[in-house]
There are 2 protein chains.
Amino acid sequence: MSDELPALPWDRARRRTPARIPLTPERIVDAAYTVLDREGYEKLSMRQVATELGVAVSALYTHVSSKDELLELMYLRLFRGWTLPDPDPARWREQVADFAREGLKRLRGHRDLARISMTGVPFSPEVLPQMERLVSLFRVAGLPDRVAGAAGDIISTFIDGFAFEESMLENRRRGSDGLSWPDMRAHLRQFFADLPPDRFPNLIALADHMLPRDEDDRFDLAVEIIIRGLASFAEEAAENAATAGHPGPTARSAAGGPEETGERGEG
Amino acid sequence: MSDELPALPWDRARRRTPARIPLTPERIVDAAYTVLDREGYEKLSMRQVATELGVAVSALYTHVSSKDELLELMYLRLFRGWTLPDPDPARWREQVADFAREGLKRLRGHRDLARISMTGVPFSPEVLPQMERLVSLFRVAGLPDRVAGAAGDIISTFIDGFAFEESMLENRRRGSDGLSWPDMRAHLRQFFADLPPDRFPNLIALADHMLPRDEDDRFDLAVEIIIRGLASFAEEAAENAATAGHPGPTARSAAGGPEETGERGEG
DNA sequence: ACGCTTCGGAGAACAGTGTTCTCTAGATGG
DNA sequence: CCATCTAGAGAACACTGTTCTCCGAAGCGT
């Protein structure tokens, strides 16, 4: 603002103490992320954030109305610079998988971030464009409306839940002992091996596949399962469209059933 | 224990004040659930639980080592008296759907219980039988090992995540206003209707299907999607088994690709 | 360059949290 | 009846989120 005015004589003196960087929501969120990464969600407190900034606690409240709002601002960072590609009907499965992987990657970007994400409001202006493009992707893929409308929510819920449980396990590993991840895995493998074979034959048989996730395989598999489930609805819709009017023996439309057109006279 | 001994003279006097019911983990968990239902997760504190029991806070710590342990005990109640039926290959889809619905019903049984469930340890002795039967169900259904081993985790994660978000929304409804659920729905419908049509055409088009869950339809749909995804792996495995050795043109195995048979030499 | 207003940060305070300590009163074993 | 032991009481500690008052420095008009 004062940059455009001619400099007054005493201007220089007043510019001499810019040592104090102005406090902003942006800087507060930065500091909060620093504390989060270092201390974890449980110890993320307004006082810790203030200390991180070298500032009084009360100073935070002039830029951030509450801790909940701070958490909300941290949540919104998840979506910064995250734009989904234009939907491509031929590659929608890949695109959904890419979306899921990117989401998990971002949630893994900061310790316990999944705990914060889980409680975030999904209807904020920053998130809506994401939802819009995701929904458009599902529509382009040929999913019926009611499936397309729910699909984004379903896969997002799963990504959050997966990352959340991962974060829980990681904290448990940190807390109980200083066990490394391989040690933790070995320990759990032994746990499954030591189960009474008469009571837990299946858990023992699949022990290798029951181990907690330390790579992306299980996540990718889960996403693939969801995508296949979605795809089955797309195929079903395509078949129904092809045989419209004269219902032939569609072998696998057992679960679908007729769908009410939700037209209401008030929108 | 002392019932079997002959009564001593001062026995009567000592029996005269049984007014004090002995404190047990069981009673503490009961009281904690009472507080949870009345006040919600955020206000569930050891002091509130103690007050509910008419007891000092420190008294709780002789029966429960920490608040975390109390939460863990509350979590374990989820599984009390919950036994899965014997797996039936012909009805495995229904059985999985029933399991999911029962889980959601139990999570809905107490306010914010999903928040507690999300952080619960899934490897406790009380939960393992559940897992065992679930895994056996997936194996009987014909899922390949690596899918069967992950399926239980996947669907459980989703159930928890779904209930968690539901609980978040419910708390938000409670907090912001005293809006009834229909009012909340109407409000959100209006929100979607008021979106700029050029930027959010798909969200607006599917507004009716984007509304937050207030019935079980969306949950059932999500479970159906996951089950269909699982089923596709079962079908794939069946086909592979049938045409083993001479790979014929399997029409619908576009996304699957060749699958490594995860046989390891140590089980 | 002066005075005035404005406002962001500081510090103390309040009510509440989980947990631990000491101590007493009442039930238990001899 | 007495000694013992322990479950519960109460106070205390180190925290938490939030709000209050107050001060000092920056910004304005003159």
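Because the structure is a prediction, the values reported are computed rather than measured. Below, chains carry the letters A, B, ... as their sequence lines are ordered, and counting in each starts from 1.
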Send over the distance from [X] [atom1] to [N] [atom2], rounded to a whole Å.
X       : N      : atom1 : atom2 : value
B:Ile28 : D:dA7  : CD1   : P     : 12 Å
A:Leu53 : C:dG8  : CG    : P     : 16 Å
B:Tyr41 : C:dT17 : OH    : P     : 14 Å
A:Glu39 : D:dC15 : CD    : P     : 12 Å

Discussion item. Given A:Ile116, which partner from the list A:Leu36, A:Leu107, A:Leu78 fulfils the side chain to side chain contact (heavy atoms under 4.5 Å, CB included) test?
Written reply: A:Leu36

Interface polar pairs with nucleotides 22-24 of chain C, N/O, under 3.5 angstrom:
none

Worksheet item: With no hydrogens and no angle check, do the side chains of A:Ser167 and A:Arg111 hold a donor and an acceptor under 3.5 Å apart?
Response: no

Worksheet entry | salt bridge (Lys or Arg N to Asp or Glu O under 4.0 Å) contacts in which one or both residues fall within residues 120-133 of chain A, not counting sequence neighbours | A:Asp86-A:Arg133

Practice prompt. Give me the residues of residues 59-78 of chain B where at least one heavy atom lies under 4.0 Å from an atom of DNA chain D, by number, or none.
Written response: B:Ala59, B:Thr62, B:His63

Response to the item:
Here the residues of residues 43-52 of chain B within 4.0 Å heavy-atom distance, strictly under, of DNA chain D are B:Arg47

Worksheet, complete the sentence: Distance col, row B:Met74:CE vs B:Asp112:CG, nearest 0.5 angstrom, shows 10.0 Å

Worksheet item: Taking atom CE of B:Met184 and atom CG of B:Leu211, what is their separation to the nearest 0.5 Å?
Response: 10.5 Å

Discussion item. Under the rule for side-chain contact (heavy atoms from CB on, under 4.5 Å), what residues qualify as partners of A:Ser65, not counting sequence neighbours?
Written reply: A:Glu69

Worksheet item: Should the pair A:Phe79 and A:Tyr75 be assigned to parallel (<30°), tilted (30 to 60°) or perpendicular (>60°) ring geometry?
Response: perpendicular

Worksheet item: Parallel, tilted or perpendicular: which describes the rings of B:Phe192 and A:Phe123, with under 30° parallel and over 60° perpendicular?
Response: perpendicular

Distance-only donor-acceptor pairs under 3.5 Å for side chains of residues 38-47 of chain B, two or more places apart:
residue, atom, partner, partner atom, Å
B:Arg38, NH2, B:Glu52, OE1, 2.3
B:Ser45, OG, B:Gln48, N, 3.1

Worksheet item: Base, sugar-phosphate alone, or nothing: which one does A:Val57 contact when heavy atoms must sit under 4.0 Å apart?
Response: base

Worksheet item: Is any NZ, NE, NH1 or NH2 atom of the basic residue among A:Arg77 and A:Asp30 found under 4.0 Å from an Asp or Glu carboxylate oxygen of the other?
Response: yes

Practice prompt. Test B:Asp216 against B:Arg101 for salt bridge (charged side-chain N to carboxylate O under 4.0 Å, His left out), laying out the working first.
Written response: CA-CA 9 Å; B:Asp216 301 337; B:Arg101 262 190 292 265; over 6 Å; no

